[in-house]
Amino acid sequence: MSFDIGQIVGPYRIAGVLGGGGMGRVFAVEHTITRRAEAMKVLAHGSCDPADAARFECEIQLQARLQHPNIAAVHTAFRVGGHLVLVMELVEGAPLSRIMEQGRLPLPVVLDYCCQALAALSYAHSKGIVHRDVSPANLIVTPRGIVKLTDFGLAGTAAGQGAAEWGASAGSPGYMSPEQVKGVDRIDARSDIYSLGAVLYELAAGAKVAPGETPFERMRAQLHREPIAPRTLNPALPELLNRIILTALRKNREERFNSAGEFRAALEKLRAPAHRSGWRVGIGMVVLAAVVLALASRWVGHADTHPPAGATIVKNVTPGAAIVTPVLVAPPPREHSAARAVILRPKRTPPEIARPAANPAPPPVESAAVEPPRPPVPVVSPEPPPADIPIAKPKLKPKPNVFHRSLEKLLHPRRRI
């Protein structure tokens, strides 16, 4: 049976080709009833190898056990025209290998991607499943930054299920663990830890952990050559990350991290300082804003406590409380003379009537009644009122309304308004 675009395969219509290789092909399909877009994986055209069919069936059974946000989910599987078909979640995005070709990623992004991949591996290991082919090509990154672990074609269980049919040395050269290269029968979760450590090494240092032009040279380097310290290639890396990567890449699996969860916890320590610093900065900004608001409100309240000139101050006094009235002490009066003479000048005569005399006599002096001196009014500067005394503003007399005056004049013409 051929699989062409537009062909109906079971309840699915083939919409396009997503990828392919020596083992199988992956198509973008659409369910004819639900209209949901999914991915369909079938063995390569003309492949009738029983070992390939057995491995594909084992992949379907193992991946169907896993339901995790960072693992591509299996929806269904069926046979059509003698072909075994796997229908799974359509992951929109790009493989990590293609993203790495565009340049080095920032360290926070690298740590985030690896922590997501370790979360998927930790879940799979808890179900007794070892992926055995962790590589950048099998890590799909969605546009939202979600990492999906795919291609469980080489997956097996810790008890050895799925490994005997196709040999224990299968995997991606450059990312295989040393025990996979040697062909050890029992491959456990620490093999996936080494593979992801090789991915992290390449992301952080910008070079492959096992360089070589051919797959054989890369596999030989994984067995006999110690990796160069990542910090030697990238001095900007933290020393803690340098130790974490080298621990995951130990030749002896007994010296690696015991689990994917332990590996992830070590990486989370590198991410924690950034989160704590951001949290501290946020708290500091909130505290600073609170202090500024408190000072501003205090200043405004202090400014409002000063009464305007001429305002009447009213203070509410609790019944029964003692009232203290300030006593104004006047300064001693000044000394004044016993009597004051008042000089009354005569009225001036118009110039045309008055005739000046040769020897004018001085004007008469009249004595007036002497007014007793008045005591001076003491001048006391008013003291500022206490801050807690409310100020009663004087009531202003409303201005007469013109319309109201006109109406009153019409109703009462004799009344004076």
Side-chain angles (χ1 to χ4, degrees), residues 1-64 66-102 113 116-117 120 131-155 162 166 170-175 199 215:
M1 179 180 180
S2 62
F3 293 86
D4 301 322
I5 298 177
Q7 185 177 355
I8 301 297
V9 180
Y12 295 94
R13 178 186 295 105
I14 299 178
V17 180
L18 297 177
M23 271 243 15
R25 291 178 295 172
V26 182
F27 301 94
V29 298
E30 182 186 52
H31 198 280
T32 55
I33 298 177
T34 64
R35 301 297 182 185
R36 183 174 65 178
E38 298 176 271
M40 176 184 292
K41 183 177 181 180
V42 297
L43 291 179
H45 181 66
S47 176
C48 300
D49 189 354
D52 292 343
R55 184 171 69 178
F56 187 39
E57 185 174 353
C58 182
E59 174 188 357
I60 296 174
Q61 294 173 359
L62 293 179
Q63 191 171 352
L66 306 177
Q67 298 292 330
H68 191 270
N70 297 114
I71 298 178
V74 171
H75 292 166
T76 187
F78 56 90
R79 296 182 184 275
V80 56
H83 293 269
L84 184 58
V85 177
L86 169 63
V87 180
M88 55 186 177
E89 174 188 3
L90 176 61
V91 181
E92 297 181 357
L96 184 57
S97 57
R98 189 184 306 170
I99 297 176
M100 293 167 60
E101 294 174 356
Q102 301 175 1
Y113 287 173
Q116 292 188 57
H131 190 277
R132 301 175 73 246
D133 194 16
V134 178
S135 65
N138 293 332
L139 293 172
I140 309 298
V141 182
T142 68
R144 298 177 56 187
I146 305 299
V147 176
K148 295 279 188 176
L149 181 62
T150 62
D151 197 354
F152 282 74
L154 300 180
W166 52 86
S172 298
Y175 303 97
V199 175

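For this chain, numbers begin at 1 and follow the sequence in order. Just so you know, these numbers use all the heavy atoms, side chains as well, and skip hydrogens, waters and symmetry mates.
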- Item | With R98 via salt bridge (charged side-chain N to carboxylate O under 4.0 Å, His left out) - residues at least two apart | none

- Message: What's the separation between atom CE in M88 and atom CE in M40, rounded to the nearest 0.5 Å?
- Response: 10.5 Å

- Query: Does the side chain of I8 reach to within under 4.5 Å of the side chain of T32, using non-hydrogen atoms?
  - Reply: yes

Under 3.5 Å, which donor-acceptor pairs link side chains of residues 137-144 to any protein atom two or more places apart or in another chain?
residue: N138; atom: ND2; partner: D133; partner atom: O; Å: 2.8
residue: N138; atom: ND2; partner: D133; partner atom: OD2; Å: 3.3
residue: T142; atom: OG1; partner: R144; partner atom: N; Å: 3.4
residue: T142; atom: OG1; partner: I146; partner atom: N; Å: 3.0
residue: T142; atom: OG1; partner: I146; partner atom: O; Å: 3.4

- Query: With L66, which residues qualify under side chain to side chain contact (heavy atoms under 4.5 Å, CB included), at least two apart?
  - Reply: I71, Y123, A124, K127, I129, F152

- Item | V74 and E59: CA distance, side-chain angles, deciding distance, side chain to side chain contact (heavy atoms under 4.5 Å, CB included) verdict | CA-CA 10 Å; V74 171; E59 174 188 357; over 6 Å; no

- Of the non-hydrogen atoms in I14 and F3, which two are nearest, and what is the gap between them? CD1-CB, 3.8 Å

- Please list, chain by chain and in numerical order, all residues satisfying side-chain hydrogen bond (donor to acceptor under 3.5 Å, both in side chains) with Y12, sequence neighbours excluded. E38

- Message: Walk me through whether V147 and L96 qualify under side chain to side chain contact (heavy atoms under 4.5 Å, CB included).
- Response: CA-CA 9 Å; V147 176; L96 184 57; over 6 Å; no

- Message: To the closest 0.5 Å, what do you measure between CD (E57) and CG (L86)?
- Response: 11.5 Å

- Message: So, taking the atom named OH in Y113 and the one named CG in N70, what distance separates them when rounded to the nearest 0.5 Å?
- Response: 12.0 Å

- Message: Using side chain to side chain contact (heavy atoms under 4.5 Å, CB included), reason through L84 and I60 one step at a time and then give a plain yes or no.
- Response: CA-CA 10 Å; L84 184 58; I60 296 174; 3.7 Å; yes

- To the nearest 0.5 Å, atom CG of L90 lies from atom NE2 of H75 at 9.5 Å

- Message: Among residues at least two apart in sequence or on other chains, which ones pass salt bridge (charged side-chain N to carboxylate O under 4.0 Å, His left out) with E92?
- Response: none

- Query: Sequence neighbours excluded, which residues qualify as side-chain hydrogen bond (donor to acceptor under 3.5 Å, both in side chains) partners of E89?
  - Reply: K148

- Query: Does some side-chain heavy atom of R25 sit less than 4.5 Å from a side-chain heavy atom of V17?
  - Reply: no

- Task: Could you walk me through whether F56 and D52 pass the side chain to side chain contact (heavy atoms under 4.5 Å, CB included) test, one step at a time?
- Result: CA-CA 6 Å; F56 187 39; D52 292 343; over 6 Å; no

- Query: Is there a donor-acceptor pair under 3.5 Å between the side chain of Q116 and the backbone N or O of G145?
  - Reply: yes

- Minimum side-chain heavy-atom gap V199-Y175 below 4.5 Å: yes

- Which heavy-atom pair separates H131 from T150 by the least distance, and what is that distance? NE2-O, 2.9 Å

- Item | Minimal non-hydrogen separation, I5 against A15, with atom names | CG2-O, 3.8 Å

- Task: Please report the closest heavy-atom contact between L62 and A155, naming both atoms and the distance.
- Result: CD1-O, 3.5 Å

- Message: For A72, is there any backbone N or O sitting under 3.5 Å from a side-chain donor or acceptor partner on Q63?
- Response: yes

